[in-house]
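So the structure is just underneath, and the comments pick up after that.
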Amino acid sequence: GGGEKEGKTWKRFQSYKGESALPREVESLRICVDRKAQTIVLPVHGFAVPFHINTIKNVSKNDEGDYTYLRINFQTPGQLAGKKDDTPFEDPDSTFIRSVTYRSSDGHRFDTISKQITDLKKEVNKREQQKKEMAD
Amino acid sequence: MATTQFDKIYYGLSSEVGKFRVAASGMAWKGEENDTVTAIPSAEVKWAQWCRVARNFQLRIGLKDRRRETFDGFLREDHDKLAGLLKQHFGVTLEVRDVTFKGWNWGVTDIQGQDLAFLVSNKTAFELPLSQVANSNIAGRTEVSLEFAPSTPSGKKPSRSAPDEMVEIRFYVPGTQARARGSDA
């Protein structure tokens, strides 16, 4: 059949239309939260890789010795818990990034980033909830 | 012969800026702090690519011995000048590599030379150098994890402005599950 998946309503979202829209801070090769674009930009071996907040499930943080580890968990199919209609299933046969873990000696900054991501996620979820209630 | 210079260029992933020079004899990068020089003689140049990375644009040069050198920090408007110089001096075309900024976490993985590329809608999202994979693991048939060795030497505390280091990435690969293909096509 065609590419349409019956029963699933998948809303299209996009972080940036082009490279010029990337925030300047990505140059530092550090994680950056772009609230306006509802996006987290991760440094991956020199690349600046945006992830829309809709792709993010949650973040977790832990301290080990001199370092703080920040793990970003993404929405993927095959996770029974937290199954939602707006999980991106455009092509369920794709390879999904499930999680990415970073380490830093600056635990305070990872604290801040973790909080920023969690707050942005809450904000977006709340807005979605309000939209749903309006539609009912 | 004339030499063209580009300022504030990074070599590889290093944090040191330097000058990048192009002449008929080859290319060279010289660091501002340590005065280290990386030179690529013209006879070694095999191909050239241009793509958007975190530190603006990257010039990647493929060498005869299959190694690759990368230089970050070029500006968008440097492209035409650089393309002209590479053509003129080394007879190579500066190939533009499209990078995606959609923000999606699903796509296709593709082994390209010594890298694992992650492509979204046929455009590169990022590349992982396989030489830096310290460990890999497959869990439950559908999850693949890659661990990377930290680049900061142990015992040496990195500075507060050091880049964030990616230590692990996990992929969910549903395609590896046995499926009845074509049964209801």
Side-chain angles (χ1 to χ4, degrees), chain A residues 1 13-22 26-31 37-56 66-67 69-71 74-79 88-106 109-110 113, chain B residues 10 12-13 15 51-58 70 72-73 76 99-109 115 118-120 124-129 132 140 142-145 147-148 150 152 157-175 177 179 184-185:
Chain A
F13 57 81
Q14 188 168 330
S15 288
Y16 303 108
K17 286 220 170 78
E19 59 85 18
S20 56
L22 278 176
V26 303
E27 275 184 45
S28 64
L29 302 180
R30 297 159 114 197
I31 300 168
Q38 303 194 349
T39 292
I40 321 302
V41 190
L42 301 181
V44 182
H45 290 274
F47 282 82
V49 190
F51 290 99
H52 194 278
I53 193 72
N54 289 4
T55 66
I56 292 169
D66 287 341
Y67 292 98
Y69 292 79
L70 185 73
R71 178 165 162 161
F74 294 93
Q75 304 276 11
T76 61
Q79 290 168 321
F89 284 160
E90 190 198 42
D91 181 3
D93 292 333
S94 297
T95 295
F96 286 72
I97 297 163
R98 181 162 263 178
S99 75
V100 186
T101 309
Y102 284 87
R103 75 166 201 181
S104 170
S105 57
D106 189 350
R109 203 172 54 81
F110 269 14
I113 289 169
Chain B
Y10 302 92
L13 285 178
S15 59
C51 69
R52 178 64 155 99
V53 291
R55 298 185 295 193
N56 275 302
F57 283 85
Q58 179 178 80
T70 62
D72 291 1
R76 193 183 305 116
V99 180
T100 176
F101 301 96
K102 278 188 169 166
W104 297 356
N105 70 320
W106 62 96
V108 173
T109 51
D115 299 293
F118 191 73
L119 309 170
V120 175
T124 303
F126 59 84
E127 287 172 345
L128 302 168
Q132 283 173 40
T142 56
E143 192 176 277
V144 178
S145 70
E147 283 170 40
F148 295 89
T152 36
K157 208 167 155 75
S159 71
R160 289 220 137 208
S161 61
D164 292 333
E165 289 183 275
M166 190 175 85
V167 291
E168 191 206 54
I169 185 164
R170 281 172 193 265
F171 293 100
Y172 171 66
V173 193
Q177 245 168 354
R179 285 190 306 136
D184 58 354

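Every chain is numbered from 1, with letters handed out A, B, ... down the list of sequences.
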Calculate, to the nearest 0.5 Å, the distance between atoms [atom1] and [atom2] belonging to [X] and [Y] respectively.
{"X": "A/Arg103", "Y": "B/Phe148", "atom1": "CZ", "atom2": "CZ", "answer": "14.0 Å"}
{"X": "A/Leu29", "Y": "B/Asp72", "atom1": "CG", "atom2": "CG", "answer": "7.5 Å"}
{"X": "B/Glu127", "Y": "A/His45", "atom1": "CD", "atom2": "NE2", "answer": "10.5 Å"}
{"X": "B/Phe126", "Y": "A/Phe47", "atom1": "CZ", "atom2": "CZ", "answer": "9.5 Å"}
{"X": "A/Thr39", "Y": "B/Phe101", "atom1": "OG1", "atom2": "CZ", "answer": "12.0 Å"}
{"X": "B/Ile169", "Y": "A/Tyr102", "atom1": "CD1", "atom2": "OH", "answer": "7.5 Å"}

Using a cut-off of under 4.5 Å on heavy-atom pairs, state which of B/Cys51, B/Gly73, B/Gly107 scores highest against chain A.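 So the answer, after comparing B/Cys51, B/Gly73, B/Gly107, is B/Gly107.
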With sequence neighbours left out, write down each residue that passes salt bridge (charged side-chain N to carboxylate O under 4.0 Å, His left out) with B/Arg170, or none if nothing qualifies.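 Salt bridge (charged side-chain N to carboxylate O under 4.0 Å, His left out) check on B/Arg170 returns B/Glu143, B/Glu168.
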Looking only at heavy atoms, which two atoms of [X] and [Y] are closest? And how far apart?
{"X": "A/Ser94", "Y": "B/Pro174", "value": "O-CD, 3.1 Å"}
{"X": "A/Gly46", "Y": "B/Val53", "value": "O-CB, 3.3 Å"}
{"X": "A/Arg30", "Y": "B/Ala162", "value": "NE-O, 3.3 Å"}

Under a 4.5 Å cut-off applied to non-hydrogen side-chain atoms, are [X] and [Y] in contact?
{"X": "B/Arg52", "Y": "A/Leu22", "result": "yes"}
{"X": "B/Met166", "Y": "A/Val100", "result": "yes"}
{"X": "B/Phe171", "Y": "A/Ile97", "result": "yes"}

Portion of A/Ser99 that has a non-hydrogen atom of chain B nearer than 4.5 angstrom: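 Interface part for A/Ser99: both.
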Would you mind checking which part of B/Phe57 comes under 4.5 Å of any heavy atom in chain A, side chain (CB onward), backbone (N, CA, C, O), both or neither?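 Side chain only.
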Using non-hydrogen atoms and a 4.5 Å limit, figure out which bit of B/Thr124 sits close to chain A: side chain, backbone, both or neither.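 Just its side chain gets close to chain A.
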Given the options A/Val49, A/Val26, A/Thr95, which has more heavy-atom pairs under 4.5 Å with chain B than any of the others?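 Of the options given, most contacts go to A/Thr95.
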Classify the ring geometry of B/Trp104 against A/Phe13: parallel below 30°, tilted from 30° to 60°, perpendicular beyond 60°.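 Aromatic pair B/Trp104/A/Phe13 classed perpendicular.
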Run the side-chain contact (heavy atoms from CB on, under 4.5 Å) test on A/Thr76 and B/Trp106 for me, step by step, so that the C-alpha distance in whole Å, both residues' side-chain angles and the decisive distance to 0.1 Å come before the verdict. CA-CA 8 Å; A/Thr76 61; B/Trp106 62 96; over 6 Å; no
Backbone N/O of A/Gln75 and side chain of B/Asn105: donor-acceptor pair under 3.5 Å: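 Indeed, once roles are kept as given, a pair shorter than 3.5 Å links the two residues.
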